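The next block holds one structure in the form of structure tokens; read it before the comments.
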Amino acid sequence: MLARRGRARAGCAFPFLTMSPVRVRFAPSPTGFFHIGSARTALFNWLYARHTGGTFILRIEDTDTARNSEEFLNVIYDSLKWLGLTWDEGPGAGGDFGPYRQSERAHIYREYLEKLKAAGRTYEKDGATWFKLLGDRHEVYDEHRQKTVTKVKTAPMVIEDAIRGRVERIEDEDFVIVRSDGNPVFHLVNVVDDIAMQITHVIRGEDHLSNSSKHVALFEAFGVKPPIFAHIPLILKQNGPGKMSKRDQGALIEEYQKRGYLPEALVNFICLLGWNPGGDREKLPIAEIVSLFDLPAVNQSNARFDDKKMAHMNMLYLLALPPAEFTARARVYFAAQNVSTGDVSEEYFAAVMALAQPKIKGFEELPAYTAYFWNETYPTDEKAKAKALGKGEPKARLAELAGRLLTADFTSDASVEAAIKALAEERGLGFGDYQGVARIATTGLSAGPSITSLFRLLGRERVIARLERFAATLM
RNA sequence: GUCCCCAUCGUCUAGCCCGGUCAGGACACGUCCCUUUCACGGAUGUAACCGGGGUUCGAAUCCCCGUGGGGACGCCA
């Protein structure tokens with residue numbers, strides 16, 4: 001924990017001015033849905049590229065032909081675009097180092113493999129091609145794997161990590177680089193592509209830290225100086241042990257998209273998992289995050305995901321949205337959810353949204369929160385109804401209110417309020433004696449926007465009709 | 001089992017590099033205020049330096065050892 005600030009200042013304050021331009025890549029494999037952890041890795045790469053004026057590359061690691069799918073590939077594209085993490089090079093974006101799908105780069109891997117073979121750094125075993133480490137060999141029984149393995153006495157590999165400092169790890173076993181079916185393995189293609197695409201910084205999850213010694217060994221075998229690594233901490237699942245996986249609750253980006261979360265809120269939230277701008281600020285615009293972000297400030301310890309805080313961040317962004325923007329996005333949400341809002345006018349829809357925006361935490365609350373605005377068949381919360389009817393004389397209050405509203409002025413919240421207040425005063429009662437029962441009668445709910453606002457919006461006829469209809473059920 | 005990474009409120013974290021502040025903020029939770037409901041907002045409370053040694057006048061901060069958590073150990077990526 002202590003060392004990182006020191007490293008931050010020990011290096012050049014503006015590495016991108018003195019070194020070759022930053023080139024980073026996000027290299028997902030389309031073997032499953034896109035989850036929070038992947039999104040954050042992509043985000044940190046993107047942030048670093050934008051911060052340094054470098055290049056953000058999207059590379060698809062689809063060498064495992066058995067597990068790849070086009071569907072997952074599209075999820076990756078869609079999720080990245082939704083989050084606003086646009087790539088400068090990669091599928092659909094072009095670039096001078098393509099193709100950007102590993103399944104289309106076989107010729108490049110063959111070429112690099114030849115270099116390794118020529119240097120005597122490979123051998124064939126069981127039909128596969130192995131990478132040969134340098135050093136003396138001896139056999140040893142591995143308890144964990146319950147088999148005899150060949151160990152190699154090698155010098156420690158040095159991993160220069162922008163987040164963790166210098167990490168040494170001994171790589172002591174040869175490993176497969178080309179499968180017996182002819183397909184190259186992750187370790188090989190990953191390193192070859194990082195060389196071929198001139199990647200300067202490898203920003204990836206800490207789960208790859210142990211692999212890095214293999215990768216450094218390969219870089220050295222190719223005679224290439226390894227890039228700067230930055231192994232970011234993992235995101236742990238909210239409940240229970242271990243890192244977050246695709247199966248965990250709240251793990252999938254797609255899910256947040258469907259639930260109407262604002263992508264800018266999600267981005268703001270996940271960049272705070274393992275990084276912070278310093279000071280007490282949490283909600284900050286992406287442009288500012290870009291300017292403040294740097295690798296040495298990334299935490300070294302894993303973070304646990306917290307959906308409550310995520311929801312809170314989303315609310316903050318929702319609250320800050322210009323009303324027209326809120327309305328437009330709400331429209332999209334209703335459409336995506338297939339929730340009908342009747343054939344109301346744009347003005348009416350916007351007016352309803354104006355009442356809802358300051359009250360809700362997320363778009364997913366919207367359909368239930370506004371159901372009674374769209375038609376006359378809205379659900380009634382029976383528990384709330386029982387509670388509202390449990391005290392006073394609800395039937396009398398409804399009748400009085402309906403009568404008074406007949407002549408009330410519905411042009412503004414204030415005029416509706418004045419009418420109800422006058423009625424309450426005449427009867428020696430409080431506003432609240434009418435408010436509760438009127439709300440359940442006209443909305444079916446116990447909570448919602450101010451009663452005067454929603455009366456004004458609903459209009460005299462509908463309000464009175466609802467009051468009378470509800471009163472009639474109380475026989 | 002072996003190797004690697006990590007360790008401040010329940011959670012995310014500031015403070016650590018460069019030792020001296022009532023250990024600060026946010027989420028969550030409690031109370032109060034605002035209020036015609038529910039939210040928002042404001043105020044406030046509960047709550048943490050993993051343990052043990054060492055260095056030092058002084059350690060959350062530096063060092064060591066434990067312990068705990070995480071990761072890796074595939075012809076997955």
Side-chain angles (χ1 to χ4, degrees), chain A residues 1-10 27-32 61-64 66-67 125-130 140 142-146 149 159 161 163-164 167-173 175-187 189-190 204-213 231 233-234 236 238 241-243 269 272-276 278-283 296 299-313 315 319 358-361 365 369 384 388 417 420-421 424 430-436 438-440 443 445-452:
Chain A
M1 207 57 174
L2 48 124
R4 76 172 193 276
R5 303 282 172 197
R7 274 198 314 282
R9 265 116 219 154
S29 65
T31 54
E61 306 225 330
D62 53 352
T63 54
D64 184 5
R67 299 201 309 163
K125 193 175 93 181
D126 305 329
T129 305
W130 295 65
V140 72
D142 184 305
E143 278 184 50
H144 179 72
R145 284 174 288 179
Q146 308 214 318
V149 296
I159 300 148
D161 195 292
I163 295 168
R164 285 153 213 287
V167 176
E168 283 191 10
R169 188 170 184 280
I170 292 171
E171 191 60 42
D172 61 358
E173 277 178 49
F175 52 93
V176 172
I177 50 176
V178 180
R179 285 183 265 261
S180 48
D181 66 3
N183 280 318
V185 172
F186 162 71
H187 303 299
V189 298
N190 193 269
R204 48 160 50 152
E206 202 223 76
D207 48 347
H208 284 294
L209 187 51
S210 309
N211 286 328
S212 297
S213 47
H231 287 97
L234 302 179
L236 269 25
Q238 186 152 231
K243 63 173 174 172
F269 174 75
L272 256 20
L273 247 32
W275 174 83
N276 75 82
D280 293 334
R281 298 190 60 202
E282 293 196 331
K283 178 175 183 286
N299 282 170
Q300 295 164 294
S301 52
N302 295 340
R304 205 169 286 279
F305 184 76
D306 182 357
D307 59 359
K308 288 241 180 66
K309 191 152 186 173
M310 169 69 233
H312 180 259
M313 183 63 82
M315 182 199 70
L319 244 28
K359 300 283 201 165
I360 62 166
K361 272 182 139 65
E365 293 175 16
Y369 195 80
E417 183 173 346
I420 302 174
K421 275 194 170 155
F431 192 105
D433 291 308
Y434 292 93
Q435 197 269 148
R439 180 181 295 282
I440 195 78
T443 71
L445 301 169
S446 61
S450 118
I451 196 83
T452 54

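Letters A, B, ... are given to chains in the order of the sequence lines, protein chains preceding strands, and every chain is numbered from 1. These numbers come from the heavy atoms of this one structure, side chains and all, not from hydrogens, waters or symmetry mates. Keep in mind it's a predicted model, so treat the numbers as computed, not measured.
As judged by a 4.0 angstrom heavy-atom cut-off over every strand, A:P233 is placed among residues making no nucleic acid contact. Heavy atoms of A:S450 sit under 4.0 angstrom from at least one base atom. Within 4.0 Å (heavy atoms only), A:E61 reaches sugar-phosphate atoms of the nucleic acid but no base atom. Looking at heavy-atom distances under 4.0 Å, A:L209 makes contact with sugar-phosphate atoms alone, never a base. The residue A:K421 sits apart from the nucleic acid: no heavy atom pair falls under 4.0 Å. Heavy atoms of A:E168 sit under 4.0 angstrom from primed sugar atoms or phosphate atoms, though from no base atom. Looking at heavy-atom distances under 4.0 Å, A:G205 makes no contact with the nucleic acid at all. Within 4.0 Å of A:G448, counting heavy atoms only, lies at least one base atom of the nucleic acid. Across all strands shown, A:A128 has heavy atoms under 4.0 Å from base atoms, whether or not it also approaches the sugar-phosphate. As judged by a 4.0 angstrom heavy-atom cut-off over every strand, A:R145 is placed among residues touching the sugar-phosphate backbone only. The residue A:H231 sits apart from the nucleic acid: no heavy atom pair falls under 4.0 Å. Residue A:G127 is out of contact with every strand shown, counting any heavy-atom pair closer than 4.0 Å.
B:G42 and B:A28 have their P atoms separated by 13 Å, with the value rounded to a whole Å. Across the C1' atoms, B:G25 and B:U44 are found 16 Å apart, a figure rounded to whole Å. Separation of the P atoms belonging to B:C3 and B:G74 is 16 Å when rounded to the nearest angstrom.
Comparing B:G70, B:A77, B:U37 by their closest approach to the side chain of A:Q435 singles out B:U37. Counting only heavy atoms from C-beta on, A:N276 has its side chain closest to B:A14 among B:G70, B:A14, B:G24. Taking the side chain of A:D126 as heavy atoms from C-beta on, and the options B:A26, B:A7, B:C75, the nearest nucleotide is B:C75. Closest contact between the side chain of A:R439 and the listed nucleotides B:U37, B:C75, B:C3 involves B:U37.
Evaluation of atom-type donor-acceptor distances gives a pair under 3.5 Å for the side chain of A:K359 against the base of B:U37. On a pure distance criterion of 3.5 Å, a polar donor-acceptor pair joins the side chain of A:N211 and the base of B:A77. No hydrogens or angles were tested; on distance alone, a donor-acceptor pair under 3.5 Å links the side chain of A:S180 to the base of B:C75.
If you check B:A48 for Watson-Crick or wobble pairing at under 3.5 angstrom, you find it has no partner at all. Look at B:G1: its Watson-Crick or wobble partner, with both distances under 3.5 angstrom, is B:C73.
Counting to the nearest Å, the P atom of B:U8 and the CG atom of A:N299 are 10 Å from each other. Following rounding to the nearest Å, A:H312 (NE2) and B:G25 (P) show an atom-to-atom distance of 15 Å. Between the NZ atom of A:K308 and the P atom of B:C29 there is a distance of 6 Å, rounded to whole Å. In this structure, CD of A:Q300 is placed 14 Å from P of B:C17, rounded to the nearest angstrom.
Residues A:M315 and A:D62 both approach RNA chain B. Their nearest nucleotides, taken by heavy-atom distance, put A:M315 toward the 5′ side.
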